[in-house]
Amino acid sequence: MNYVVFDLEWNQCPYGKHREVKALPFEIIEIGAVKLNKDREYVGRFHRIVRPAVYTKLHHRTREIVHMDQETLDQGVSFQEAAREFLAWAGADSQFCTWGTIDLVELQRNMKYYGLLHLLKGPLHYYDVQKLFAVSYEDMKSRRSLEYGIDYLKLEKKQDFHRALSDAWYTAEIFQTIDMDVVLAYDSIDVYQNPKTKDEEIHAVYNGYSKFISREFSTKEEAMADREVLATHCCLCGRNARKKLRWFSVNSKNYYCVAYCPVHGYVKGKARMKHTDEGKVYVVKTIKVSSEQEAQEIREKRDELREKRRKKRRGEA
DNA sequence: TTGGATTTTCGGCACCGAGG
DNA sequence: CCTCGGTGCCGAAAATCCAA
């Protein structure tokens, strides 16, 4: 098993959104990757410039960020060739690592555009080094820039940022500093290819929380009526935790609830509604360990929200 | 049963900070 | 300039409640 740390550079429609190709808002123009063995030692690299075929001219903003001239781009290979070679080079049993969540999405979106998505079966497990950085060195929630991470760790800035190979290299260097226990405990799942059937639904357990990704439903109501979506299993032992506070919504997308595990005490649930390109919905539910105090706070938050809406109604009447 | 009051739902919008 | 995810606010519409 190898780790493939990769980074992409992409371009967008230089003439504004109204003239873009809907299925391809971002066109990949460069792929850079560093391969590490199971001990996270450097074993190889991959680099391709991709000749753009949809947006042949660089967006002015892109040109400012990515330092590439037109000749360099024109000398690139086609996306089909670059993607096939990249995946072949990566090998079937490698673990992808990226800085942030977007690169996996754009890679797949570009592959879909060219009818190559079957080469990369999702959902994809990967390591989001930006997240691992936050878990290891900050508050778990922050999402820092790559350069911030390099500065924080006092690593040498040998090359410019915002080129695929150098950013992949920087990401790999940060990845190498992360404690292996943290890496193993916090893998990420990309659901650009979201679960379609019940067997494909994802149940993942992490340190102190668990994540469930449902199959598709036609409507939100149907989703929120599903047994597995509503279930509140303790994220530590998997036992059914009895609900203390039923699922309630704060807005159209997020639902919360509180439950009590007979062994581990309070847990809190959060369910987020996600929409697919085809207008279906699926649910990403997380269950986290909580406390009596936090449970009380969530209850108060719910009551406050109700009170607020009530007051507002009165004011308008 | 019904109409008004109250509560919930839900899309739009704006902001932030990451990505290019 | 555009995407994405998260958050919060707002108002209209839908759903529900409740008393006459």
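Protein chains get the first letters and strands the later ones, always in sequence-line order, with residue 1 at the start of each.
- Each of B:dT9, C:dC1, C:dT3 was ranked by its minimum atom distance to the side chain of A:His59; first place goes to C:dC1.
- Residue A:Lys141 places none of its side-chain N or O atoms closer than 4.0 Å to OP1 or OP2 of B:dC16.
- Closest non-hydrogen pair, A:Gly208 versus A:Leu236, comes out as CA-CD2, 4.4 Å.
- Among the atoms of the strands shown, none is found under 4.0 Å from any heavy atom of A:Asp128.
- Following rounding to the nearest Å, A:Trp10 (CH2) and B:dA18 (C1') show an atom-to-atom distance of 10 Å.
- Checking A:Leu120, A:Thr276, A:Leu117 one by one against A:Tyr192, the side chain to side chain contact (heavy atoms under 4.5 Å, CB included) holds for a single residue, A:Leu117.
- Taking the six-membered ring wherever Trp is involved, the centroid distance between the rings of A:Tyr282 and A:Phe217 does not fall below 6.0 Å.
- Atoms OG1 and CD, from A:Thr101 and A:Gln130 in turn, are 7.5 Å apart once rounded to the nearest 0.5 Å.
- Residue-level contact check: A:Lys270 touches the backbone only, with heavy atoms under 4.0 Å from sugar-phosphate atoms and none from bases.
- Cation-pi geometry between A:Lys301 and A:Tyr256 is met: under 6.0 angstrom from the ring centre, within 45 degrees of the axis.
- In this structure, A:Leu146 reaches the sugar-phosphate backbone alone: every heavy-atom distance under 4.0 Å involves primed, P, OP1 or OP2 atoms, never a base.
- If you take CD of A:Gln130 and P of C:dG6, they are 13 Å apart, rounded to a whole angstrom.
- In this entry the distance linking NE2 of A:His162 with P of B:dA18 reads 11 Å, nearest Å.
- Residue A:Ser145 is classed as a sugar-phosphate contact, given heavy-atom separations below 4.0 Å to backbone atoms only.
- Checked against B:dA18, C:dC1, C:dT3, the side chain of A:Trp99 finds its nearest nucleotide in B:dA18.
- Two rings, from A:Phe86 and A:Phe46, have their centers less than 6.0 Å apart.
- Here the P atom of nucleotide C:dG8 and the NZ atom of A:Lys301 are 6 Å apart, to the nearest Å.
- Rounded to a whole Å, the NZ atom of A:Lys57 is 14 Å from the P atom of C:dC1.
- Closest contact between the side chain of A:His60 and the listed nucleotides C:dC1, C:dC4, B:dG19 involves C:dC1.
- Taking only side-chain atoms of A:Asn254, from C-beta outward, the nucleotide of C:dC1, C:dC2, C:dT7 with the closest atom is C:dT7.
- For A:Arg109, taking side-chain heavy atoms from C-beta onward, the closest of the listed nucleotides C:dG5, C:dT3, B:dC10 is C:dT3.
- Computed from coordinates, the A:Asp103 CG to B:dA18 C1' distance equals 11 Å when rounded to whole Å.
- Ring to ring, A:Tyr113 and A:Phe79 are not that close: their centroids are 6.0 angstrom or more apart.
- The A:Lys220 side chain lies nearest to B:dC10 when the options are C:dT7, B:dC10, B:dG19.
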Listed pairs, N/O of protein and of nucleotides 15-17 of chain C, under 3.5 Å:
none

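- The pair A:Glu138-A:Arg144 meets the salt-bridge criterion, since a charged nitrogen lies less than 4.0 angstrom from a carboxylate oxygen.
- Distance CD (A:Glu106) to P (C:dT3): 10 Å, rounded to an integer number of Å.
- Looking at heavy-atom distances under 4.0 Å, A:Lys253 makes no contact with the nucleic acid at all.
- Of the listed nucleotides (C:dC2, B:dG19, B:dT9), C:dC2 has the atom at the smallest distance from the side chain of A:Lys17.
- Aromatic ring centres of A:Phe96 and A:Tyr127 lie farther apart than the 6.0 Å criterion allows.
- Note on A:Glu221: only backbone sugar-phosphate atoms sit closer than 4.0 angstrom, heavy atoms only; bases stay farther off.
- Contacts of A:Arg61 with the nucleic acid, taken as non-hydrogen atoms under 4.0 Å apart, include base atoms.
- Considering only the side chain of A:Arg144, B:dA18 comes nearest among B:dC10, B:dA18, C:dT3.
- Taking atom CE on A:Met273 and atom P on C:dG6, their separation rounds to 14 Å, with Å as the unit.
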